[in-house]
Amino acid sequence: MKKHNFSSGPAILPASVMEQAAQAVVDFNGMGLSILEISHRSPEFSAVLDEAELLVRDIAQLSDDYAVLFLQGGASSQFFMTAMNLLGDNDMAAYADTGSWSAKAIKEAKNFGKVEVVSSSKEQNYTFIPKGYEVPANAKYLHLTSNNTIVGTQYHSWPETKAPIVADMSSDIFSRPIDIERFDLIYAGAQKNIGPAGLTLVIVRKEALGKVNRNIPTMLDYRTHISKKSTFNTPPVFPIYVAMLTFRWIKANGGLSAMAPKNAAKAQLIYQEIDANPLFAGTVSDKADRSHMNATFVLAPGKEDLQAPFLEMCKEAGCVGVKGHRSVGGFRASMYNAMDIASVQVLVDVMKALGERYG
Ligand SMILES: *Cc1c(COP(=O)(O)O)cnc(C)c1O
């Protein structure tokens, strides 16, 4: 039976990418060798790395002012690496607190400079994205989490500020066009919308670097990886290869301007059902902030005992990964680029069927 993978991460990838990746594990490009056993400095792998970078530049429409880095350590390592490289001891950075990933970034940045939390929806369980706040003029940057994977909120426009933005885009990178000029740095763990876990993509404005005067360990200095083209040490070769295949797929499918309306249509389909079905309620208080990537919803008050039957019906229909994050409860449907709207329709049909059976 076809599975509809609503997992939040590691998550769905295009079927054609999986097939090519599987083939490359057995025999990469007819070399008689696996992609897993060739040197990261071989011409064959260098070509993969070059193509991956070129595709990111093409998809995100990056100028030469920006470097593209393929790192490890996950988005979680970027929580400290961004501040270590961009925030001097006497500098101040503004942080928007819109979820537990933001909170983790704030905690780490405090190790390196002054952090001002300029907006927070923590008191309301992060159910909306605060707007209309001031970012102090002396802020080195404004850090934000573009899509809050756990609670299901997403920025649909960027805050008005002159400060350059540093963004954790782990769960919505390449789901829509990027207004790159607004950003000094973008980072993303690959496992939500790009490829396998183990790769962290960083896009950084080169001019923003080299302005702090602390000693930065070589591996944690972005300039190391820029000068060595992400091969200072052994990079995560297989995740880079699979990400490259995904970038090809994004480009072949019309790029980011084609991803955005497709993702919006999937989101509209499920939110429509969440709002129309009396058995369910959305968890995001401000509908304008609803994520196009991760739709979170719960059972309506008094209907909580339908949790197990609903998940069982999901399973029977092949819908997996629908259980909500432990901190929010209920359900979460993650609908990254690779998910077709037909799969969202299957889940919506299960929600309707629950309504008919128990409504
Ligand atoms: C998943 C996620 C992270 C954590 O990523 P790791 O690669 O596991 O460190 C951070 N931020 C956001 C927004 C995420 O969705």
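Note that ligands are numbered from 1 as they come in the structure, with each ligand's atoms numbered from 1 the same way.
- A donor-acceptor distance shorter than 3.5 angstrom exists from the side chain of Lys206 to the backbone of Asp64, with no hydrogens or angles considered.
- Counting the atoms of ligand 1 from 1 in the order shown, those under 4.0 Å from a heavy atom of Gly74 are 7 (O), 9 (O).
- Short contacts between ligand 1 and Thr145, defined as distances under 4.0 Å to a heavy atom of the residue, involve ligand atoms 13 (C).
- Considering backbone and side-chain atoms alike, Asp168 places an N or O below 3.5 Å from some N or O of ligand 1.
- Nearest to atom 9 (O) of ligand 1 by heavy-atom distance, out of Ser76, Gly9, Ala190, is Ser76.
- For the side-chain hydrogen bond (donor to acceptor under 3.5 Å, both in side chains) with Thr153, the qualifying choice from Asn294, Asn148, Asp289 is Asn148, the only one to do so.
- With hydrogens and angles disregarded, no donor-acceptor distance shorter than 3.5 Å links the side chain of Glu108 to the backbone of Phe79.
- In the vicinity of Phe79, heavy-atom distances shorter than 4.0 Å reach the ligand 1 atoms 10 (C).
- At the shortest separation from atom 5 (O) of ligand 1 among protein heavy atoms lies Ala75 CB, 3.5 Å.
- Near Gln191, with a cut-off below 4.0 Å to any heavy atom, the atoms of ligand 1 are 5 (O), 6 (P), 7 (O), 8 (O).
- Under the 30°/60° scheme for interplanar angles, the aromatic rings of Phe331 and Phe310 are found to stand perpendicular.
- Where the criterion is an N or O separation shorter than 3.5 Å, residue side chain and backbone included, Gly189 fails it with respect to ligand 1.
- Arg57 places a side-chain N or O within 3.5 Å of a backbone atom of Ser63 that can act as its donor or acceptor partner.
- Between Asn147 and ligand 1 there is a heavy-atom distance shorter than 4.0 Å.
- If you check which protein heavy atom lies closest to atom 14 (C) of ligand 1, you get Lys192 NZ, 2.9 Å.
- Distance check, rounded to the nearest 0.5 Å: CD1 of Ile59 to CD1 of Ile178 gives 9.0 Å.
- Remark: Ile240 CD1 to Phe70 CZ distance equals 6.5 Å, nearest 0.5 Å.
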